[in-house]
Amino acid sequence: MKLDQDSTALAAFIIGTVLAGGNAVGVRVSNRELDPLWGAGLRFLLAACLLGAVMAAMRLTLPRSRALLGVLLYGALIFGGAFSFAYYALVRIHAGLGQTLLALVPLATLLLAVLQRQERLRLAAVGGTLLSIVGIGVISGLSGTKSVPVLSLLAVLGAVLCFAQATVFVRHFPPVHPVTANAVGMATGAAILVALSLLLGESIALPERGATWLALAYMVVLGSGPVFVLYLVVVRLWSASRAAYTFVLIPVVTVLLSAWIDDEPIGAGLVLGGLLVLAGVYVGALRPAASAALRTHS
């Protein structure tokens, strides 16, 4: 049974990671025509409707009591919080850079899980965090290269914290079917995003460009529902920090797509800083978990 669960989680992990790799590029394309919060709200409104139709076809019921509270918090943090930050950041920075910075999510998840007594703190996590911070410094231009806007950098780090806390929260509450959890969560996030968009006076309009519709279609049909349904499958079968390893691998797909579609320059600063961030995540989160898995099966 344990082997079957690990196989299921690994398959969900790999498929979800590959599909998620195109999301940051899609956000960049969307942001060229749509205001960021409205673009995010429209994306998750459409995705929530699509998952709602799947719920109806599967005859799934809405959660109640603490399970409903957990889903609402999950949706508010990930879709309302993390993506409001991420969409804002990706107005000014390339997709590959933004997704590389999101590779900090596993470390942030581990530290939050420790603070909330889900997991134990490891010294490697501290070393990995420091190494990743050095990498962020290189990427953001502290080495003398063109700098990343400070507000954009802070927005990405805000998204990191929202993703991490949502992942930890999910394991505090009763389990809900992944389709239902994401349908309700995305509807909650969409409501928050649209409200913020109206509050900030963004332009509310449907896309006119074919490229924007294509990016939106990808993010709704593949990059939202399937990605986050698979993510919740992994979160339920693995620990929170281990499930967040997907953020380590997504940048590989994103950087390649961004260089091809969005002409993102792959310079020495991005390569060196990105490698430091990824190395920090590996040292702080991935390597200890892999070692523990080997001990368990030996």
Side-chain angles (χ1 to χ4, degrees), residues 4-5 8-9 11-13 15-16 19-20 23 26 37-87 105 109 112-113 116 118 159 161-199 204 206 216-240 243-244 246:
D4 290 341
Q5 289 183 347
T8 299
F13 178 88
I15 295 170
L19 292 177
N23 277 340
L37 293 175
W38 164 242
L42 178 61
R43 168 190 173 181
F44 290 118
L45 177 61
L46 294 174
C49 291
L50 184 60
L51 285 178
V54 175
M55 275 185 64
M58 296 177 66
R59 297 183 179 180
L60 299 174
T61 58
L62 290 172
R64 298 180 181 180
S65 189
R66 288 191 70 252
L68 177 59
L69 175 61
V71 168
L72 292 175
L73 287 172
Y74 162 78
L77 278 169
I78 282 194
F79 306 112
F83 279 96
S84 62
F85 285 125
Y87 268 72
V105 170
T109 303
L112 288 173
Q116 295 168 54
Q118 274 193 14
L161 291 176
C162 287
F163 275 123
Q165 184 58 68
T167 303
V168 175
F169 261 152
V170 165
R171 297 180 61 84
H172 276 306
F173 291 89
V176 176
H177 193 284
V179 171
T180 301
N182 281 293
V184 176
M186 288 181 188
T188 303
I192 293 172
L193 290 163
V194 172
L196 288 173
S197 178
L198 292 171
L199 184 64
I204 307 298
L206 293 177
L216 193 60
Y218 177 86
M219 291 188 293
V220 168
V221 177
L222 294 176
S224 295
V227 165
F228 286 99
V229 167
L230 292 170
Y231 185 58
L232 280 189
V233 169
V234 178
V235 169
R236 287 298 181 186
L237 295 177
W238 286 353
S239 66
T246 183

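How far CG of Leu60 is from CG of Leu51: 10.5 Å, rounded to the nearest 0.5 Å. The CG atom of Leu42 sits 9.5 Å away from atom CD1 of Ile204, with the distance rounded to the nearest 0.5 Å.
Counting only heavy atoms from C-beta outward, the side chains of Leu45 and Val194 never approach each other to under 4.5 Å. Contact of the Thr246 side chain with the Phe13 side chain is registered, since non-hydrogen atoms from C-beta on lie closer than 4.5 Å.
Looking at every heavy atom in both residues, Ala48 comes nearest to Ala187 through CB-N, 3.7 Å. The two residues Ala244 and Thr109 have their closest heavy-atom pair at CB-OG1, 3.8 Å. Nearest heavy-atom pair, Phe85 versus Cys162, reported as atom, atom and distance to 0.1 Å: CE1-SG, 4.0 Å. Contact between Met55 and Val179 at its shortest, heavy atoms only, is CG-CG1, 3.8 Å. Nearest heavy-atom pair, Ala183 versus Gly52, reported as atom, atom and distance to 0.1 Å: CB-N, 4.2 Å.
The main-chain N or O of Ala240 is never found under 3.5 Å from a side-chain atom of Gln118 such that the two would form a donor-acceptor pair. In this structure, Thr180 contributes its side chain and Val176 its backbone to no donor-acceptor pair below 3.5 Å.
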If you look only at distance, which donor and acceptor atoms sit under 3.5 Å apart when one is on a side chain in residues 65-84 and the other is two or more places apart or in another chain?
from	atom 1	to	atom 2	distance (Å)
Arg66	NH2	His172	O	3.2
Tyr74	OH	Asn182	OD1	2.8
Ser84	OG	Gly80	O	3.0
Ser84	OG	Gly81	O	2.7

If you look only at distance, which donor and acceptor atoms sit under 3.5 Å apart when one is on a side chain in residues 221-236 and the other is two or more places apart or in another chain?
from	atom 1	to	atom 2	distance (Å)
Ser224	OG	Arg43	NE	2.9
Ser224	OG	Arg43	NH2	3.3
Ser224	OG	Met219	O	2.5
Tyr231	OH	Thr167	OG1	2.7
Arg236	NH1	Val170	O	3.3
Arg236	NH2	Val170	O	3.0
Arg236	NH2	Phe173	O	3.4
Arg236	NH2	Pro174	O	3.4

**OP:** Go through Leu193 and Trp38 one step at a time and tell me if the side chain to side chain contact (heavy atoms under 4.5 Å, CB included) criterion holds.
**Re:** CA-CA 7 Å; Leu193 290 163; Trp38 164 242; over 6 Å; no
